[in-house]
Amino acid sequence: MATSDLGRLLRQRFREHDLHRAIPRRDVLVRERRAVEAELEAVARSIPFWSRLLFFHRTPDERSEKRIVARRAEVERSLADLERRIADGLAAVSREAPPFEVAIAVERIVRVGLTPLVSRGRLRSELVGLADRIVETWMPGLHLETLVDTLIHEDACRAAATRAPGRLGLDRQLGFRPVTPAVATAIVARRLLESPHAGDVFAAGERFAHREQLAALAADARSAVSALDQLNIFSTSPAERRRNELAEEVRGLEADVSGKVDIARSVVHAALAAFPPLEIVARIVEALGLVGLLTAEKEPVVRGQGIVQVRVTALRPVLFAALERVVEAWDAAFPDVSLPTSLAWSLSRRPVPGCPPGAGPLAIAAVRRLAARERSCWLRTQLLVHAAAVRGGERRVRAAQDAVSMFDRLLWRGRRELDTARTEAGRLRWHRRRLERRWEQLVHEARDAARTLPVFQLRHALVAAGLAVERIATSSSSSRTPIRCDVRGRDRAVEALDGVRRELASAFDVPARVRSLLLAAARVRRPVAPTEVDPTAPPRGAEAIRLVAGALHAADPDWRSLLSDVERSLVVAPKPTRDALWDKLLVEAGTEENDLLAVVGPFVRHVEDAANEALLDLAPIVDDAAEAFAPFAVLLRLPFATAALGAVRSVRFKSTELRSSGGKNKLVTVYRCRLFGRGRAVRAVEWVARPFVESFGDLPSYHRLLELWELDGSPLIPFLDD
């Protein structure tokens with residue numbers, strides 16, 4: 001049957017088995033199950049342990065938990081029944097349309113790759129299995145690396161192109177008629193000769209052939225060196241000089257040849273589209289090159305509980321791009337054999353989602369700015385090119401190593417094959433390093449694009465400040481003599497907090513000091529009533545100042561008179577001085593920690609109260625102002641965090657320990673440093689960031705922005721479960 005007949009058959013069988021309703025219903029049940037599990041987890045956390053011990057009495061929360069458990073069981077039963085119906089229906093359809101069975105495998109791979117915690121082993125095995133199946137179905141016996149390495153040579157390419165058929169043969173069941181490796185090579189060769197880059201490919205092939213000839217001569221010259229010449233260290237024989245000269249010439253060609261051959265191979269990969277099933281295999285190769293490099297990382301973000309490290313997967317957005325290219329290659333090859341979910345959505349006449357779930361307006365605005373950058377698109381293309389080279393390099397290294405048996409290694413045979421393996425391994429390492437470097441540059445692109453939005457710019461500064469405060473430390477060593485206890489990292493933390501102030505002033509075009517901002521707001525004659533702020537375009541400059549004035553007026557109509565009373569002492573925080581109390585603590589011995597805290601606590605509170613006495617009168621309006629303009633609340637709270645940093649102290653303690661020396665036990669005096677006040681400083685920075693989170697929510701990490709960028713308008717969206 002023709003391809004259009006195959007498409008009509010699929011649609012007819014889908015309706016007969018009710019798959020166009022069952023598959024969308026499955027996605028709805030999956031999301032419902034996830035929502036029920038989240039609700040159950042929230043209720044379970046609210047039930048205290050002692051309440052569960054009273055099994056003869058159930059609280060309202062326990063009764064609610066029981067209802068949710070029953071509802072989850074019902075959803076799971078419905079989902080299991082639906083999964084069986086879908087599996088039976090898909091199996092029946094695939095028996096009549098063999099390409100549809102491959103389409104099912106493609107969708108399964110896409111769903112595995114889109115899971116948040118992707119299993120690299122399972123994804124690799126699924127991709128390898130799919131590539132092998134496509135090759136066995138439409139190109140039995142073909143080796144992709146052999147095809148690519150053959151066509152970079154002009155003579156072989158032109159000879160193969162003469163055997164290319166006039167047009168691709170169609171099959172009534174498979175869509176495309178299966179071809180032999182020779183015919184597939186001829187089809188690609190004809191497309192390559194039509195490419196404007198064919199000359200560069202063949203020039204690289206000539207350089208590569210010359211390098212291989214030199215490598216063969218170098219191997220022969222190395223074998224020609226006798227054992228006696230190798231043992232003679234006092235002179236160099238003509239055979240050794242010939243060996244060294246050829247080896248040096250091969251090394252000189254290696255860097256130039258490797259780069260040109262890699263470019264030539266990428267051009268040949270582009271020509272694989274001449275035979276559509278072969279292009280699908282090429283896209284699978286790109287995904288396979290990324291699977292082994294997926295690693296778990298952590299990225300700091302601002303959340304309701306402060307600065308937290310969220311778990312991310314490096315290169316996952318690029319994997320999304322590779323999977324998207326697999327789906328696009330399949331759709332181009334078999335336009336009437338859609339993936340099951342895509343076909344079900346089209347037959348159900350429901351609108352396909354246009355954006356990924358969880359993408360708020362700020363994230364979408366950042367994604368739009370990232371997409372507008374040409375460099376980000378170029379980096380993504382480079383990443384996919386390097387990924388294909390990584391997969392090809394892995395297979396070539398494995399083939400070269402397998403060509404030499406262990407017995408040959410023991411007899412020092414197969415030196416040329418081992419040299420080839422080492423050369424290919426070096427190229428493989430280079431591509432991996434370049435891929436990692438390009439990925440770092442892409443993350444920087446996402447960061448730079450997001451920071452063009454004022455809210456992301458302020459988030460970046462808050463994260464830097466939180467991390468700097470957490471890194472404050474003191475000496476961790478101990479000594480038998482009095483040691484100096486310094487607070488390390490406090491200057492950087494103070495600078496980071498000043499960076500928050502500068503970034504806030506730059507992003508929103510407002511004065512960098514609270515006093516200046518309040519005085520500017522006091523001069524506003526027509527303040528703006530507090531309204532909902534558009535997070536993608538928050539007010540800046542005079543508009544922001546009018547909004548601050550309106551928020552202050554709404555909180556307290558007499559705030560101007562209050563400002564005039566405290567204006568002279570506003571945020572003029574006295575620096576904590578080293579007085580007799582601290583001199584006493586530094587030399588005091590044997591003080592218990594609780595006693596020391598009891599002494600230090602009042603002093604710290606006195607310093608903070610003195611530093612912020614003027615701000616305490618304005619504290620009632622802070623929360624109200626935060627609801628109208630969060631940056632104002634952040635700026636108003638910064639002096640408290642600065643005062644908390646000034647109260648961080650490192651105190652020397654003296655203790656007595658029993659130690660063994662020379663077989664005898666004796667008591668020794670040991671001095672250590674302890675840090676006090678860092679926890680208070682961390683909580684102060686979290687308090688500073690709280691209005692930001694309350695106003696703008698949990699902004700996505702830069703890795704998540706890259707994922708949203710890849711999923712924006714992507715054909716992968718119908719397969720997302722999260």
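In this structure, the side chain of E707 does not engage the main chain of R316 through any donor-acceptor pair within 3.5 Å. Judged purely by atom type and a 3.5 angstrom limit, R438 has no side-chain atom pairing as donor or acceptor with the backbone of Q382. At least one donor-acceptor pair under 3.5 Å links the side chain of T474 to the backbone N or O of D486. With S695 contributing its side chain and P691 its backbone, the two residues share a donor-acceptor pair below 3.5 Å. With S376 contributing its side chain and A372 its backbone, the two residues share no donor-acceptor pair below 3.5 Å. At distances below 3.5 Å, at least one donor-acceptor pair connects side-chain atoms of D534 with backbone N or O atoms of T536. Checking side-chain atoms of R451 against main-chain N and O of H460 turns up no donor-acceptor pair under 3.5 Å. Between the side chain of R434 and the main chain of H386, no donor-acceptor pair closer than 3.5 Å is present. Between the side chain of T642 and the backbone N or O of L638 there is at least one donor-acceptor pair closer than 3.5 Å.
When side chains are defined from C-beta on, P317 does not count as touching W709, because their heavy atoms never get closer than 4.5 Å. Side-chain contact between R492 and R471: absent, with no pair of heavy atoms (C-beta onward) separated by less than 4.5 Å. Under the 4.5 Å side-chain criterion, counting only non-hydrogen atoms from C-beta, L40 is in contact with E65.
Annotation: R120, atom CZ; neighbour count of heavy atoms from other residues, nucleotides and ligands within 6.0 Å is above 12.
The CG atom of L362 lies 12.0 Å from the CG atom of D698; values are rounded to the nearest 0.5 Å.
Residues R502 and E495 are paired through a salt bridge, judged by an N-O separation under 4.0 Å between the basic side chain and the carboxylate.
In this structure, R637 is not positioned above the aromatic face of F692 in the sense of NZ or CZ being under 6.0 Å from the six-membered ring centre and within 45° of the axis.
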**Asked** Given E286 and R283, is the salt bridge (Lys or Arg N to Asp or Glu O under 4.0 Å) satisfied, shown in steps?
**Response** CA-CA 5 Å; E286 294 174 349; R283 301 297 171 243; 3.2 Å; yes
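Evaluation of the side-chain contact (heavy atoms from CB on, under 4.5 Å) rule for R540 yields D509 as partners, not counting sequence neighbours.
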